[in-house]
Amino acid sequence: MSRMDRETIKQALKVYFIMGSTNCLASDPGKILKEAINGGITLFQFREKGLNALAGKEKRSLAMRLQSICKEHGIPFIINDDIELAIELEADGVHIGQEDEPAEAVRAKIGDRILGVSVHSLEEAEAAQRAGADYFGIGPVFATVTKEDAKPERGTVLIEMLREKGFQVPIVGIGGIHAGNAASVIEAGADGVSVITAISTAKDAAAAAAELKKSVGV
Ligand SMILES: Cc1ncc(COP(=O)(O)OP(=O)(O)O)c(N)n1
Ligand SMILES: Cc1nc(C(=O)O)sc1CCOP(=O)(O)O
Ligand SMILES: [Mg+2]
């Protein structure tokens, strides 16, 4: 596997769906993922986190099921936080934050797989770029209740600042994003939007994904 080029990553970030079993209310994660793919998502992150999150064999088994759905439809499969699982399953990439394993160490472990890093400041963006991040996740752009330890809503200031300073690293906005506000995140300079609730709890996940796609101009 060779390192994915920036333009391919930018295209993949357009409608980036994140989900774990705890985001699915009473519905089956596999069913939601299939619907989201039918609606046009471009990238998927398995994020098994929060109260009642699966662990061990159950987590691995759900990851494998969702990865197989992604493979069938040509959607890259990213794993949140769990680098060992990502390597074991030969996932397409990992996403880490500032409280996770350092980005340099993760890059050394995963080789050419996609590395996404959450950044909240210019300094964090510079460090993540040096460590070889393939994209930055920046949020929360809007208020969110999905991530228990989310920072306060930040708007699009950092996205704008990084673009003004000439950063070319692909950027995805995250936090409280839906079809009604996604365009403002792209206008600020992001390449795509990342969502959990807007798709995972929608009555019609396919329609929600399709609306997001329209909002980001795909
Ligand atoms: C695309 C994307 N952006 C940001 C995050 C958040 O990562 P992190 O800060 O490590 O928080 P957790 O998701 O691990 O709770 C993300 N997962 N994806
Ligand atoms: C996983 C995550 N990371 C965030 C960050 O700010 O880094 S906000 C967030 C939750 C996004 O969920 P929703 O689309 O339901 O708001
Ligand atoms: Mg993390």
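Along the sequence shown, the residues carry numbers beginning at 1. All figures in this text were calculated on a predicted structure; none of them were measured in a lab. In each ligand, atom 1 is the first atom listed, and ligand 1 is the first ligand listed.
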Under 4.0 Å from one or more heavy atoms of V195, ligand 2 contributes atoms 14 (O)

Looking at D81, the N, O or S atom sitting nearest the Mg ion (ligand 3) is OD1

Atom 3 (N) of ligand 2: of K147, H95, R154, E148, the nearest heavy atom sits on K147

Taking only non-hydrogen atoms of G175 and a 4.0 Å limit, the atoms of ligand 2 in range are 8 (S), 16 (O)

the protein heavy atom lying closest to atom 17 (N) of ligand 1 turns out to be Q45 OE1, 3.0 Å

Short version for K49: what comes under 4.0 Å of ligand 1, heavy atoms counted, is side chain

Looking at ligand 2, does any of its N/O atoms fall within less than 3.5 Å of an N/O of T146? yes

Rounded to the nearest 0.5 angstrom, the OG-CG distance for S68 and L33 is 9.5 Å

min-distance protein heavy atom vs atom 2 (C) of ligand 1 -> H95 CE1, 3.3 Å

Exercise. Please determine if the Mg ion (ligand 3) has an N/O/S atom from E99 lying under 2.8 Å away.
Key: no

Is there a polar contact between ligand 2 and T197, counting only N or O atoms under 3.5 Å apart?
yes

- Check if G176 has a non-hydrogen atom at a distance under 4.0 Å from any atom of ligand 2. yes

Discussion item. Checking the N or O distance criterion of under 3.5 Å, is ligand 1 in contact with R47?
Written reply: yes

